[in-house]
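Some notes on the structure that comes next.
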2 protein chains.
Amino acid sequence: MNKDVSGKQAQILEFLREFIEEKDYPPSIRDIQEGCAISSTSVVDYNLRKLEDKGLIRRDREVSRGIEILGAHGRRPRIVEVPMLGTIAAGQPIPVPTSDRFGNDSDETVAVTEDMVRGKSNVFALRVKGTSMIEDLIDDGDIVFLEPAASATNGDRVAVWLKDRGEVTLKRYYHEGTRVRLQPANSTMEPIYTAPENVEIQGKFISSLRPSE
Amino acid sequence: MNKDVSGKQAQILEFLREFIEEKDYPPSIRDIQEGCAISSTSVVDYNLRKLEDKGLIRRDREVSRGIEILGAHGRRPRIVEVPMLGTIAAGQPIPVPTSDRFGNDSDETVAVTEDMVRGKSNVFALRVKGTSMIEDLIDDGDIVFLEPAASATNGDRVAVWLKDRGEVTLKRYYHEGTRVRLQPANSTMEPIYTAPENVEIQGKFISSLRPSE
DNA sequence: AGTGACGGCGAACATGCGTTCGGAGGGGCC
DNA sequence: GGCCCCTCCGAACGCATGTTCGCCGTCACT
């Protein structure tokens, strides 16, 4: 079978992409017919079957507009909207992310492709203020994605709540005997030493993103 | 008018999101009816009109499944597929991105939200090999997005083709009198000095992305 | 009680839309 | 020519689906 689509089939495929991009729902067979100047719906059907055979689209039979583009150029990467809960590393407390997501609609969110938060489900985002993690390549203004966590292993980058100071900060976490060392990734800054009871881990670092201004 | 949807309308909206997320095309009114355990199609229609009045969805009348979710939670951020043309900073030449995009379908691409390449149209991506730009927060393994360019102003981060070496590298560009200085952002590395005729600018840095492994 | 807005019901209607079918050119092959 | 395979036509068929319409119960207000 001719694997590389050509002519009419390529045209239909292209039309599919444009239509979906524009309208957010797939075209009907007759939409395709008009859009590609094809004389009969059966020709469209015929070529759609071909495309389906070649694995380029998937059709839900008996369902209006039940066409879905497959393959690298059709499969839309999943987008996740991550709630942006505030700013970190400069004093302000952040609210603990509630598992109750309902009613959050008015909150600011960042939309990212799902590979930024791979696998995780309750991810939240914080905007970084300051350069204390610069050597971990996290700059002022970057966005970090965290997953809720209550504990960490040494070396993890975590958002911690310092009870005595009433602030939240992003640091590397080291439990050293009877104390906890919160290590900035910035050689001009000193680590924070404190008692384990004074720290409350809020989230674990997943990934960071530098918004292109 | 009651702006905050509740009960049945919220349920329908939620069903819409889930259905589209799963199937990639909108549900029919009867799909909604079943999915939300509603007794009549007219009730669905009634509530859809309400939702439309409130500006939460858009309907294409007389069109099957012509429902589109609006608002922050419905509008999918645009995704752009950027061609990944190769690796940069360790010797291998990269092909010049051709303006002829046709037939590129088999090439590897990265899908990112459009804000990573804001405004630009012919962006391409390269995977960074090495740490020569580490102080610009570009690490080994990062992906950089570049726009085609033939010239640059001092301080720009550019991908340049070094004719005598036959390689491409990512550096900061400084034109200094009769020579060009290509400055790594890594204090352990020395700049490259060369003649202007020897360098050919291939692209200008737009943004970088650290894939979460 | 009367009234009117609101949300819901169920049936019928009119179209949208996928599918099917007989048929017709146009190669490639014997 | 005769025979297959691919592609395309046009029309008809029939289920899918959006829409309309009359009617009902509830609630607030008068």
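Computation of the quantities below employed the complete heavy-atom set of this structure, encompassing side-chain atoms and omitting hydrogens, waters and symmetry-equivalent molecules. The sequence lines fix the lettering, A, B, ..., with proteins before strands; numbering per chain opens at 1.
- Of the side-chain N and O atoms in Lys50(A), none sit less than 4.0 angstrom from OP1 or OP2 of dC6(D).
- Rounded to whole Å, the distance from CG on Asn47(B) to P on dG18(D) is 15 Å.
- Closest of all the heavy-atom pairs between Val110(A) and Met84(A) is CG2-CE, 4.0 Å.
- Checked by atom type and distance alone, the side chain of Asp156(A) pairs as donor or acceptor with a backbone atom of Thr153(A) at under 3.5 Å.
- Under a 4.0 Å N-O distance rule, the pair Glu68(B)/Arg58(B) qualifies as a salt bridge.
- As a whole-Å value, the separation of Asp53(A) CG from dT7(D) C1' is 14 Å.
- Whole-Å rounding puts the Leu51(B) CG to dC6(C) C1' distance at 15 Å.
- Remark: side-chain polar atoms of Asn198(A) are paired, donor with acceptor, to backbone N or O of Asp164(A) under 3.5 angstrom.
- Atom OH of Tyr46(A) is separated from atom P of dC21(C) by 17 Å (rounded to the nearest Å).
- For Ser39(B) and Pro27(A), each mapped to the nucleotide of DNA chain C holding its nearest heavy atom, the one lying further toward the 5' end belongs to Ser39(B).
- A straight line from CD of Gln9(A) to P of dT7(D) spans 7 Å, rounded to a whole angstrom.
- The side chain of Arg65(A) approaches dG18(C) more closely than any other nucleotide in the set dG18(C), dG8(C), dG7(C).
- Going from atom CG of Asp31(B) over to atom P of dA16(D) covers 11 Å, rounded to whole Å.
- One can place OH of Tyr25(B) at 14 Å from C1' of dC17(C), the figure rounded to the nearest angstrom.
- Screening residues 26-46 of chain A for salt bridge (charged side-chain N to carboxylate O under 4.0 Å, His left out) gives Asp31(A)-Arg65(A), Asp45(A)-Arg49(A), Asp45(A)-Arg59(A) as the qualifying pairs, with residues at least two apart or on separate chains.
- At distances below 3.5 Å, not a single donor-acceptor pair connects side-chain atoms of Asp139(A) with backbone N or O atoms of Thr131(A).
- In this structure, Gln11(A) atom CD and dC8(D) atom P are separated by 10 Å, rounded to whole Å.
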Under 4.0 Å protein heavy-atom contacts per nucleotide of nucleotides 19-26 of chain D, with B for base, S for backbone only and - for none:
BBB-----
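- Taking every side-chain heavy atom of Ile38(A) into account, dC9(D) is the closest of dC9(C), dT7(D), dC9(D).
- The pair Asp136(B)-Arg172(B) meets the salt-bridge criterion, since a charged nitrogen lies less than 4.0 angstrom from a carboxylate oxygen.
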